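Note that the coordinates shown come from a computational prediction; the quantities given were computed from them, not determined experimentally. Proteins get letters first, then strands, A, B, ... in listed order; numbering begins at 1 in each.
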Amino acid sequence: MKFLKAHTPDEAVRLFGQHPEAIPLAGATDAMVAWNVGRLNGKIILDLSAIDEWKTIQILRNSLKIGSLVTHAEIQRHPVIRKKFSLLAQASSQIGSTQVQNRGTIGGNIANASPAGDTFPPLAVYNALIHTVSFRGPRVLAFLDVFAWVKKTRLHPSELIEAVEIPYPSPVPKRWMFRKVGTRSAMIISKTVAAGLLWMNKDATVNKLRFALGSVAPTVKRLKTAEAFVAGKRLTPDVVEHACRIMADDISPIDDIRSTAEYRLQVSQNLLRSFLKF
Amino acid sequence: MRMRIVGTSAQRKEGIFKLRGQALYVDDYKLKNCLYGATLRSAIAFGRIKKIEFDPDYSWQNFIVVTAKDIPGKNCVTLIEQDQPLLAEERVLHPMEPIVLVAHSLRSKAYEALNHIKVEYEAHDPVLTIEDSLAKKQILRRPDNVFKRYEINKGNIKEGFTKADFIVEGEYRAPHQEQAYIENNGVSAWVENDGTIVARGSLQCPYYVHKALKIIFNLPDDKIRVIQAATGGGFGGKEEYPSMLAGHAALLALKSGRPVKMIYDRHEDMLATTKRHPAIIRHKTGLAKDGKLTAQDIEIIMDAGAYITLSPVVLSRGTLHATGPYECPNVRVRSRAVATNSPPNGAFRGFGAPQTLFAAELHMEKLAQKAGIDSLELRRRNIFKTGSKTATGQVLKESVGISRAMKECAGISRYARIKKECDRWNKNTNNPTWRGIGMALAFHGGGFTGSGEVMLASRAAVALTKGGKIEVLAASTEIGQGATTIFAQIAAQALGVPYEWVEVAVPDTGRVPNSGPTVASRTTMIIGGLVRRAALQLKDEFIGKAKAVPKTRAALIKAAKLLCKGKSEVRFEVQFEKPGEIVWDEAAYKGDAYGVFSYGAVVVELEVDKLTYEVRLRNFFSAQDIGKAVNPLLAQGQIMGGSAQALGWALFENAVYKDGVMQNANFTDYLIPTALDTPAMKIKIIEEPYSHGPFGAKGLGEMPADIPVPAVAAAVYHATGLWFGELPILPEKICHEMLNRYSHNSLSPCGRGQGEG
């Protein structure tokens with residue numbers, strides 16, 4: 001195992017440009033698992049953990065910009081995130097364990113591209129933007145465009161995540177929810193994980209719904225069909241039930257050693273139903 | 001000076017060293033020129049080994065390689081029988097069976113080399129389930145795949161059913177369970193200049209390892225030495241497997257002439273070492289209108305895995321506890337342990353009883369429901385009392401604390417009131433959960449079954465060195481349960497000296513007498529009794545030769561000189577003596593199965609989330625009659641720890657197998673409860689003294705694992721109206737049953753859940 005260490009963003013970009021096969025290391029919570037089972041043998045590691053420029057949270061006029069090396073522990077403690085982006089604060093407080101939250105970073109979480117990433121449903125409903133850098137220059141991607149497949153991103157070779165930008169929801173949603181479902185209270189990979197935002201019109205019809213689910217498809221999914229269906233409608237029992245039923249159009253839960261497709265779908269439907277129900 | 005140390009929560013003898021990180025576990029010892037061993041394991045479940053090929057392009061020169069041909073003595077891991085090879089030679093009977101050992105000075109190289117060994121097999125269709133084994137898909141054990149069978153008969157089962165007003169049947173399935181000790185299995189070994197083979201490891205039973213190594217190396221007693229390192233938990237998981245591992249490490253050490261460490265990582269440990277036996281248990285029970293049992297007909301089948309190992313005795317304990325703590329005039333229990341092509345299942349806290357008591361207690365709930373009697377009342381009418389006769393005809397003469405345990409547990413949990421509160425809560429469909437409460441009872445025999453303790457003929461000693469050190473010598477191991485503390489308390493109390501004066505020797509077969517294995521809830525009750533007797537002999541010597549038991553250190557040193565008469569130490573060693581009234585007939589399976597039973601009750605309060613079907617444990621209560629709590633804090637710790645393990649088995653632990661291989665052999669996917677998943681526990685210790693236990697003490701360590709599971713299943717039934725006869729009760733199963741209950745397109749009931757902004 002070869003070890004490269006970057007101290008500044010420029011150095012990181014240069015080193016990654018020279019070694020596109022290197023594995024970037026942020027909080028190392030996933031890298032340690034891979035290392036333990038020998039998957040990092042003979043690999044090049046690019047350690048980013050000393051880059052202080054990527055460890056800050058900037059409060060901008062219309063958005064918040066979270067450096068990619070900000071830890072889950074810092075996110076859940078941040079007063080503005082707790083107030084304006086409580087779903088992200090909640091998700092960050094339920095990742096792994098306190099120890100994992102102290103080490104793990106938001107950028108590392110995204111780059112790892114697990115289908116079960118707990119911060120992903122909140123970032124998906126907040127319409128987050130991902131800022132990247134590489135020797136080709138900076139780039140901005142919509143959050144959902146980052147993910148290609150299980151553990152695969154659409155980032156280019158030598159491209160690093162610099163920050164996550166989240167626009168303040170405006171107006172403030174009428175309802176919001178986050179729920180991680182994993183059977184055990186800590187150190188658990190989600191069986192399904194949901195985040196939702198709901199805006200209502202004055203006439204009690206839905207203005208806008210955003211609802212995202214993790215662990216029920218190869219990548220995090222927004223329920224586009226259900227979101228479109230409820231827009232402009234009153235949330236009658238029939239409408240809610242139909243929205244739950246067409247959820248199956250947007251997700252593809254599977255049976256595996258952790259859970260069953262039946263359970264993942266049923267619980268995801270229950271979560272949406274309870275969110276929409278008055 | 002009158003000292004009371006028994007009955008107090010004396011500080012753990014070894015606690016401070018563990019707290020400071022000074023306790024030395026097997027991998028902490030630095031061994032000069034040490035090699036690390038790795039194991040090539042069978043990739044198939046059943047078949048013949050055709051060829052073992054070593055990659056000719058790989059550089060083997062710095063490796064030590066061992067196969068079955070290198071074994072100087074007999075190729076077997078001796079336990080009850082000698083059917084399990086140390087290294088597979090011609091055939092493999094289960095996945096993960098060891099075939100080749102490799103050692104290198106770098107651990108990673110040793111594991112890397114395994115990728116350069118190819119085994120060619122002729123694979124046979126394996127037997128992977130109890131059903132396949134019974135159907136004799138393949139014969140793994142002649143004549144019918146049954147390793148062991150028992151039958152208990154009491155009264156007349158046919159007549160019992162004719163007297164019944166209700167007959168209720170039920171089938172229950174208990175799955176594997178991993179011991180999940182904090183420290184994985186690990187042993188180191190080396191050869192002394194005089195040819196003595198020494199093994200030091202994380203283990204429960206030094207003399208089991210000693211016995212196995214003698215046969216593997218064809219050496220006399222004094223040429224094998226087994227030492228226990230600090231051990232991070234056992235729970236049965238280090239009862240038998242260390243014999244295998246010590247054999248492997250010692251073979252590599254013998255061939256290389258260097259010390260060898262074999263330390264498993266979690267994945268290998270979970271794949272290869274023993275687990276709790278899966279079991280199918282069928283009950284058919286007759287009940288009269290007055291709530292009295294008339295007949296219990298019980299069938300038990302356990303999956304032993306590929307070799308017999310400890311299965312006969314696990315099955316025996318399961319069989320003897322299968323009725324639950326109830327008196328019934330007509331009983332038949334038939335049991336079998338059968339062979340499959342999966343890694344051998346073995347000892348785990350409770351040793352067969354958790355499986356059969358789960359079935360017995362959940363069946364009691366079913367019986368109560370069918371008969372329309374409150375389940376507590378049904379138990380009350382049938383539980384053991386002093387003078388009751390068990391299924392084997394054992395008359396319970398003393399120390400029968402079950403009524404008290406049940407009453408106290410119902411009291412501290414406010415069972416009746418909470419039950420009503422749950423019913424009220426469940427009527428309101430807007431509530432986000434369903435709530436339930438459940439109770440279960442258990443009994444647990446202390447010590448080896450039947451004539452086991454007589455055959456073990458355990459020994460323990462108390463020594464006084466000429467320097468004035470008082471030392472307990474026993475082979476019973478400290479595995480976190482507090483054995484050393486308990487022994488020191490018992491010896492100090494018997495002698496009438498301060499607790500701090502008594503030390504407990506490291507279990508080292510070169511020094512300590514054979515106290516038998518550290519299993520079967522026997523350490524305090526049986527070996528503690530020996531320690532007390534040995535200490536009393538020393539006390540007599542003090543009084544006889546030094547006029548009194550010394551009261552100061554100076555007096556102790558003076559007395560020590562006097563008693564040792566120039567020798568380095570004087571030892572008082574005693575052997576187990578069977579209480580005269582105990583009679584056991586092994587052939588008929590009748591009589592006193594155990595010297596005494598411990599008794600306990602558990603109440604679990606829980607709720608099931610209507611959105612996620614997850615079970616949250618709200619409260620946990622237990623009252624347990626253990627005769628005497630020598631150290632109340634340690635006793636509570638045993639009860640809480642055992643209960644937490646059982647709660648994991650009830651709700652989380654789901655060992656997934658494919659082709660005989662565990663698919664989730666890691667703690668990410670095999671879920672054990674965290675502190676956050678473990679409810680607040682309120683424990684009440686009941687002391688109904690046992691006349692043959694030290695200071696009245698009975699067995700304690702295992703019973704906590706027997707009781708919680710059926711209490712959880714009963715509480716889930718109370719909450720949801722669903723019976724789960726198969727463990728674990730996963731949210732997926734609750735979800736599935738709910739979907740079955742409510743037709744497909746209608747809604748499953750749910751409540752308000754999420755925060756509204």
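Counting non-hydrogen atoms of neighbouring residues, nucleotides and ligands closer than 6.0 angstrom, the CZ atom of A:Arg103 reaches no more than 12 such neighbours. With a 6.0 Å radius and a threshold of 12 heavy atoms from other residues, nucleotides or ligands, B:Lys261 has its NZ atom above the threshold. Within 6.0 Å of CH2 in A:Trp199 there are more than 12 heavy atoms belonging to other residues, nucleotides or ligands.
With a threshold of 4.5 angstrom between heavy atoms, B:Asp265 does not approach chain A through any atom at all. Interface remark: B:His267 contributes no atoms to any contact with chain A (heavy atom separation under 4.5 Å). For B:Ile734, no part lies under 4.5 angstrom from a heavy atom of chain A. Contact of B:Tyr111 with chain A is not made at all, since no heavy-atom distance falls under 4.5 Å.
Heavy-atom proximity under 4.5 angstrom to chain B picks out A:Arg184, A:Ser185, A:Ala186, A:Ile188, A:Ile189, A:Lys191 from residues 184-192 of chain A. Below 4.5 Å, heavy atoms of chain B meet heavy atoms from A:Ile257, A:Arg258, A:Ser259, A:Thr260, A:Glu262, all part of residues 253-262 of chain A.
Taking CG from A:Leu265 and SG from B:Cys735, the interatomic distance works out to 9.0 Å, rounded to the nearest 0.5 Å.
With contacts defined as side-chain heavy-atom distances shorter than 4.5 Å, the pair B:Leu671/A:Thr183 qualifies.
Side chain of A:Tyr263 to backbone of B:Thr612: a donor-acceptor contact under 3.5 angstrom is found.
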